[in-house]
Amino acid sequence: MPEYAIPTMQWAQVFEKNGGPIEYKQIPVPTPGPDEILINVKYTGVCHTDLHAWKGDWPLAMKLPLVGGHEGAGVVVAVGELVKDIKIGDHAGIKWLNSSCGQCDFCMASDEPICESAVLSGYTRDGTFQQYAVVNAGHAARIPKHLPLDAMAPILCGGITVYKALKESQAKAGNTVVITGAGGGLGTLALQYAKAMGFRTIAVDTGDEKAQICTQKLGAEVFVDFMKEDVIESVKKHTGGLGAHAVILLAVSEKPFQQATEYCRSRGTVVCVGLPAGAKITAGVFSTVVRMLTIRGSYVGNRLDTQEAIDFFARGLISAPYKVGKLSELPKVYELMEKGQIAGRYVLDTSVCAPLQGHERDRMLTMS
Ligand code: 8ID
Ligand code: ZN
């Protein structure tokens, strides 16, 4: 078993209050409890959830000060005394679910994301925007050693979440699924999982770069630009007038949540995944009843969804775009994300941490 020298201090991105400065600084390395492991995070994805957490725009209490992040892929460097099946040197991942009670009705039914005592990485517990992070061993994702950890990181929230949502959609091979927010982190992965699962896809987002990626690289048959086109009419036109069999709502905007039932086919399913602050989903009761529509929420995935999502990736079926930056660049990533300017995911390399240079320090201050 290889031994790793674990430092006492490490680099992290920390904020003390919602919307306040994000400080890139050195903090102590955490110690794992008896049923936990310590992971040397090599890469962490930046999910829009992390931006919601920094802003504090959800009705859900969080830890402060906080190290955000919940898509961390790395190497196990310490294991608690009760952990038997994970060894030092293994590759493992940290996802949104950091632990759950294991005893409630939901946990017993493998529905641990809705456990009321769930601990959330980068929200109620420090997450992956640091070089060393702790996770409950039972909830750590097992990552086969031959898989690249940078491409793996976005699978740990984005991949699992969209794979689960596609399963919840009840779509069958050959059905058409609309992905709104298709050019973003979750959306680009959703197009790839949908393709691998045998679904046809219509991508809804905006801009030439996202249009090109969605149709040329990710398998969408049609791209609908929500800034230029009437989404309801376009989807109906491309589905023979009946609408799509399912809609996966990933956009961080309320409007698509208001429109979705109008272009979902009778008997179809609308799956809410994106979490725009304060948004509501509305649908006419009459049409929901007489068209037998299903509207449901889908929230990350359980441990089996996790391993299945990783397995799709391991079999070479999932290739979504991502850019790699440094952990120190997190505020810049939030700026780009807020403007909708990231096609795919931004992944941060946590191994190249060093004190900030003058111009980088100025940039951090503009975010406060
Ligand atoms: O378990 C869950 N339910 C879960 C898990 C992970 C993430 C939910 N989320 C939530 C996040 O908190 C966030 O609210 O899913 C949402 C999307 O996360 P993301 O994919 O990480 O965000 P992004 O990369 O910024 O992509 C958002 C895309 O939506 C597009 C943007 O152009 C961007 O490409 N978009 C917007 I904003 N408005 C749109 C509209 N009206 C739109 N696309 C279509 N129509
Ligand atoms: Zn996420």
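One-based numbering, in listed order, for ligands and for the atoms of each.
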TODO: Give the residue and atom name of whichever protein heavy atom lies nearest to atom 16 (C) of ligand 1, and the separation in Å to one decimal.
DONE: Leu250 O, 3.4 Å
Open item on the list: Out of all atoms in ligand 1, which are within 4.0 Å of some heavy atom of Thr161? Include the element for each.
Closed with: 1 (O), 2 (C), 4 (C), 5 (C)
Open item on the list: Tell me if the CD atom of Glu233 is crowded by more than 12 foreign heavy atoms within 6.0 Å.
Closed with: no
- [ ] Using a 4.0 Å heavy-atom cut-off, say whether Trp58 meets ligand 1 through its side chain, its backbone, both or neither.
- [x] side chain
Task: Modelled atom types, side-chain donor and acceptor of Tyr322 and Asp150, under 3.5 Å - done: yes
Task: N or O contact, Lys210 vs ligand 1, cut-off under 3.5 Å - done: yes
TODO: Indicate yes or no for a side-chain donor-acceptor contact from Gln307 to the backbone of Arg142 under 3.5 Å, with no hydrogens or angles considered.
DONE: yes
Open item on the list: Would Ile342 count as being in polar contact with ligand 1, using the rule that some N or O on each side must be under 3.5 angstrom apart?
Closed with: no
Open item on the list: Tell me the protein heavy atom at minimum distance from atom 45 (N) of ligand 1, and give that distance in Å.
Closed with: Phe226 CD2, 3.3 Å
TODO: Note the single closest protein heavy atom to atom 25 (O) of ligand 1, along with its residue, its atom name and the distance in Å.
DONE: His48 ND1, 2.7 Å
Open item on the list: Between His70 and Asp50, do the side chains contain a donor N or O and an acceptor N or O under 3.5 Å apart?
Closed with: yes
Open item on the list: Below a 4.0 angstrom heavy-atom separation, can you tell me which part of Cys157, side chain or backbone, both or neither, approaches ligand 1?
Closed with: side chain
Open item on the list: So, regarding Tyr299 and ligand 1 (criterion: nitrogen or oxygen to nitrogen or oxygen, under 3.5 Å), is there a contact or not?
Closed with: no
Open item on the list: Tell me the protein heavy atom at minimum distance from atom 1 (O) of ligand 1, and give that distance in Å.
Closed with: Val300 N, 2.6 Å
TODO: Check for a donor-acceptor pair, side chain of Thr124 on one end and backbone N or O of Lys63 on the other, with a separation under 3.5 Å.
DONE: no
Open item on the list: Considering both backbone and side-chain atoms of Gly340, is one of its nitrogen or oxygen atoms within less than 3.5 Å of a nitrogen or oxygen in ligand 1?
Closed with: no
TODO: For the Zn ion (ligand 2), decide whether His48 has an N, O or S atom at a distance under 2.8 Å.
DONE: no
Open item on the list: Below 30° counts as parallel, above 60° as perpendicular, anything between as tilted: where do the rings of Tyr193 and Phe312 land?
Closed with: tilted
Open item on the list: For the 3.5 Å polar cut-off, considering only N or O atoms, please tell me whether Gly181 and ligand 1 meet it.
Closed with: yes
Open item on the list: Suppose we measure from atom 20 (O) of ligand 1 to each protein heavy atom; which comes out shortest, and what is that distance?
Closed with: Leu186 N, 2.8 Å
- [ ] Ignoring hydrogens and angles, state whether a donor on the side chain of Asp225 or Thr206 is under 3.5 Å from an acceptor on the partner side chain.
- [x] yes
- [ ] Answer with side chain, backbone, both or neither: which part of Ala251 has a heavy atom less than 4.0 angstrom from an atom of ligand 1?
- [x] both
Task: Partner of Ser100 under side-chain hydrogen bond (donor to acceptor under 3.5 Å, both in side chains), chosen from His139, Glu112, Arg303 - done: His139
Open item on the list: Heavy-atom count check: over 12 atoms from other residues, nucleotides or ligands less than 6.0 Å from Lys55 NZ?
Closed with: yes
Open item on the list: Using a strict threshold of under 4.0 Å (side-chain N to carboxylate O), is an ion pair present between Lys280 and Glu254?
Closed with: no
Open item on the list: For atom 32 (O) of ligand 1, what is the closest protein heavy atom, and at what distance to 0.1 Å?
Closed with: Asp205 OD1, 2.6 Å
Open item on the list: I need the nearest protein heavy-atom contact for atom 12 (O) of ligand 1: residue, atom name and distance, please.
Closed with: Thr49 OG1, 2.7 Å
TODO: Identify the protein heavy atom lying closest to atom 15 (O) of ligand 1, giving its residue, its atom name and the separation to 0.1 Å.
DONE: Gly274 CA, 3.4 Å
Open item on the list: Looking at Leu275, is its backbone amide N or carbonyl O close enough to the side chain of Trp58 to form a donor-acceptor pair, meaning the two atoms are under 3.5 Å apart?
Closed with: yes
TODO: Scan side-chain atoms only and decide if Asn98 and Ser121 contain a donor-acceptor pair under the 3.5 Å cut-off.
DONE: yes
Open item on the list: Please work out, at 4.0 Å between heavy atoms, whether the side chain, the backbone, both, or neither of Lys255 comes within that distance of ligand 1.
Closed with: neither
